[in-house]
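Within every chain, numbering begins at 1; the chains are lettered A, B, ... in the order of the sequence lines, protein sequences first and strands thereafter.
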Amino acid sequence: MVLKIFFPQCCNRADSGLLVGRWISGHDSAVVLAVIHYPFIPGQVKQYVQQMQAQSGVELSVLGSWSLPKEGQEGMESFLRDLSTIFPQERWLQIRRQMGKTGFTCEVLSRDQNAVAAQRRVKKQKKEEEEDGDAEEKEEDEEKVIFVHYEQRKVMLSQLHPIDSGDAKTDPPSELRQVFQTVALSQPLFFLDKYDDGPLKSTHWQSEGREASIIVELLKQASVPLCLLLSWMLSVWTWICSIRIFNFYPLRFLSSKLSTCVQLSYRTEHMKTLSSPKPAAGHTQFMRKANMLVSVLVDVALGVLLMSWLYRDDHITMLANTLVPAADHVAKELDQLLQWLMGAPAGLKMNRALDQVLGRFFLYHIHLWISYIHLMSPFIEGILWYGGLSACLGLSFALSLLSDMVALFTFHIYCFYVYGARLYCLKIYGLSSLWRLFRGKKWNVLRQRVDSCSYDLDQLFIGTLLFTVLLFLLPTTALYYLVFTLLRLVVVLFQGVLHLSVDFINSFPLFAVGLRVCRSYRLAEGVKFRVLCDEPGVALHLLMEINPLKVSTVVQTYRTPTYSCYPRDSWLALVKKLFVGELIYPWRHKTTKAD
Amino acid sequence: MMEDETFTDISGKTISLDCQSHSSFCREFTVSSPKVSIGKVMVYTCSVWLLAYAVFFITQNTAVLSSAILITLVGMMFHIHFVKVDHESLLIIGSLGIQVSSSYASGREITTFIEMSKIKDIVINEAIYMHQIIYYLCVLLKDPSEPNAVSSVVPLFQSSKPRLNCLVKVYKSCQEILSKSQ
């Protein structure tokens, strides 16, 4: 079997000493974490290793010895071999390197080496007795070694995907996963740097001095009172909300329909997650919190930008002044449309009476609506001014407010659509039922199927009459239905675009994408190997680099789950509903997905 | 040990196979596809520009010419960065795993590493490709929990598509290493 030794690049030029690391069970490999230099007292080394094991939870042990002889340090070899008796191990690694040469040599001594040597001698004697004595016998007894060099800091900070979320899975984690886990968990081992006055000196990635960032430390200190303040504010807000919840039913219904209220509740959930004072439990939690924080900050920044544009140069007055004429224009267009329908639209001949009734009904509706808009016109500027203030909470709030306002201003179109649809739906059902009667069949409600039925003569007569009436009135109703459905769909499309952008702002993992761009080693899809040197007679050296995750996978893995505002029906079902005349509600919000 | 014989891919274009043996249990195979021929590039560019000039002659709109230039440039960049594969390599390290990488003409490299515990075997498989049956080398992966079932298949050398003689060479080499480590 081939023995794999994961060797950190920072220890390539370390002084001679002892190797501290972990044997990975089941895979015949070892991870070297640090080198403890001479001079040392073996008792202290054992104590230190046990202390580190307790602190980190990793099964650390002394793996072997490392020798890089400098001038005046001969005679180390025998000293190193004697060490194997002090630290009892299954296998003892003796890694040697010469200055100026790139390759390492490794010798593996096992505990029962004497027994193995005896076996070898016995085998050799047997072979000599036999006819062919292969020279390859010797090579097979020797163990082959691969040195895999890794960059310790990057492997420590990196997270392998797909993330192993289960605590106790049926299969043990793979070799690479175990290597990454070992290095990540051994953080206490890397706290000992060369400025410590302790009895031991070691080399690892942080031995030149511990790395820290003042900004991060300051933020950590500042975050605790901030979290407390935030959680207090949130509790006050939730208390206010809970009073109103016990109000009348219409209010609750409204608040579930208005996208602003939905967005507000959604953001409150986010802030609750952010304001918990406990630090994040694992990598997923940390990424989620970070993504939420960055998304909130970006949202607020964009909202403030929008506000600064809106409240400058009287933009609000300009908007308000264009709004009422725009509504007037829409109403006039609708008027013209209805007049056109009441005439002979596209050359079709409508049923005059029904046409006039429907047309007059809708025209009166529009007239009511226009008077309402004119009533509201002095207040529009005020509404816009105060509504624009909501942008300070975030761009997503401004967009949801816009979507709600569009819904309110086009309420008459929604009403028309509902009337047209209901009428059309009734007509379609009536027609289908009377068509069955025309053919002598009936819908059996009990059996949910069509059965034949014998009708009386007068039933047949009235049924046929009604059928004819409905059939000839069908084009008129169908045309009105078609026109108002198209209008409604235009409005729904516009609202849909707004909802999609709000959803995008909510769910896009900006922090994860930023991490992938700037510190790509932290999100690892796997590793890649490069052969470093392949001189004959020297063990194989490989360089292990981190293969970063693809950007699309990053977005998919770290998307914050949001309420889905995509149409719940597929396109085919939608078209079928439109054909039959059922009302479509594309924005039926699902409740926020639980974690 | 470096070898370089003339092999061809399934459409008859010459490819080259490079085998490097870094150690007794570590080997690397590189299959290089033929490079982009300058003649083809010139033919495409000239045809696009002639067409653009003809359209310009009719419509007298200079935007046509500048857009033709832009399209040619963008198309070429897209082709060498995303489409044209320069060489594909397979690095097999006994008891560690298999690394498959393909590098594009612009230098971009896509690498995947498959651990030994997930590999069941490397085989030569047959496939129906349009009107012909071709051979391809693939890695069979297994689920660690179910050692007898093949969970997925990873085809190798997909862009260069070498013929059977080349594949057999690679296969024999890989099997030597795989049989020792499993």
Side-chain angles (χ1 to χ4, degrees), chain A residues 1-6 24-29 103 136 139-140 142-150 160-162 164 166 169-180 524-550 553, chain B residues 1-2 18-30 81-82 87-104 107-120 139 141-149 151-152 154 173 176-182:
Chain A
M1 273 301 279
V2 183
L3 176 67
K4 293 157 270 189
I5 302 179
F6 290 86
I24 299 188
S25 53
H27 283 114
D28 216 14
S29 41
E136 292 166 8
E139 282 179 32
E140 279 177 33
E142 281 174 26
E143 284 206 44
K144 297 180 193 134
V145 179
I146 304 181
F147 282 98
V148 180
H149 295 263
Y150 68 96
L160 266 182
H161 293 76
D164 201 3
K169 291 193 79 172
T170 44
D171 354 298
S174 68
E175 184 180 10
L176 282 174
R177 218 171 258 276
Q178 289 200 30
V179 169
F180 274 70
E525 188 188 25
V527 294
K528 46 188 179 197
F529 289 94
R530 203 152 53 91
V531 179
L532 278 181
C533 80
D534 45 356
E535 301 157 20
V538 178
L540 181 68
H541 288 264
L542 297 168
L543 176 66
M544 182 170 88
E545 289 165 321
I546 294 183
N547 205 7
L549 212 55
K550 282 195 282 251
T553 327
Chain B
M1 181 181 43
M2 307 242 293
D18 179 30
C19 313
Q20 259 193 315
S21 179
H22 299 289
S23 147
S24 61
F25 49 84
C26 176
R27 299 210 182 129
E28 187 169 5
F29 307 97
T30 314
H81 196 71
F82 290 107
H87 59 264
E88 294 172 298
S89 72
L90 172 73
L91 172 71
I92 174 162
I93 309 168
S95 83
L96 200 58
I98 294 185
Q99 174 167 294
V100 180
S101 103
S102 37
S103 27
Y104 292 83
R108 180 170 83 113
E109 271 202 45
I110 297 188
T111 326
T112 329
F113 179 73
I114 310 170
E115 288 184 70
M116 202 45 103
S117 56
K118 292 207 186 79
I119 296 177
K120 189 156 191 283
V139 181
L141 300 182
K142 66 173 186 228
D143 214 7
S145 56
E146 233 182 307
N148 288 331
S151 73
S152 56
V154 177
S173 242
E176 281 172 19
I177 298 182
L178 272 186
S179 54
K180 275 190 258 174
S181 56
Q182 276 186 343

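With chain B as the partner, the residue from A:N547, A:L542, A:L176 showing the most heavy-atom pairs under 4.5 Å is A:L176. Contact count versus chain A (heavy atoms, under 4.5 Å) is highest, among B:G97, B:S101, B:S95, for B:S95.
If you measure heavy-atom distances from A:K528 to chain B, the contacts under 4.5 Å come from both the backbone and the side chain. For B:S24, the part lying near chain A is the side chain, with the backbone staying farther off; criterion is any non-hydrogen pair under 4.5 Å.
Sparse packing is recorded around CZ of A:R530, with 12 or fewer heavy atoms of other residues, nucleotides or ligands lying under 6.0 Å away.
Contact check for B:L91 versus B:H22: side-chain heavy atoms found under the 4.5 Å cut-off. Annotation: side chain of B:I93 is not in contact with side chain of B:M116 (no heavy-atom distance under 4.5 Å).
Side-chain polar atoms of A:S29 and A:E175 form a donor-acceptor pair below 3.5 angstrom.
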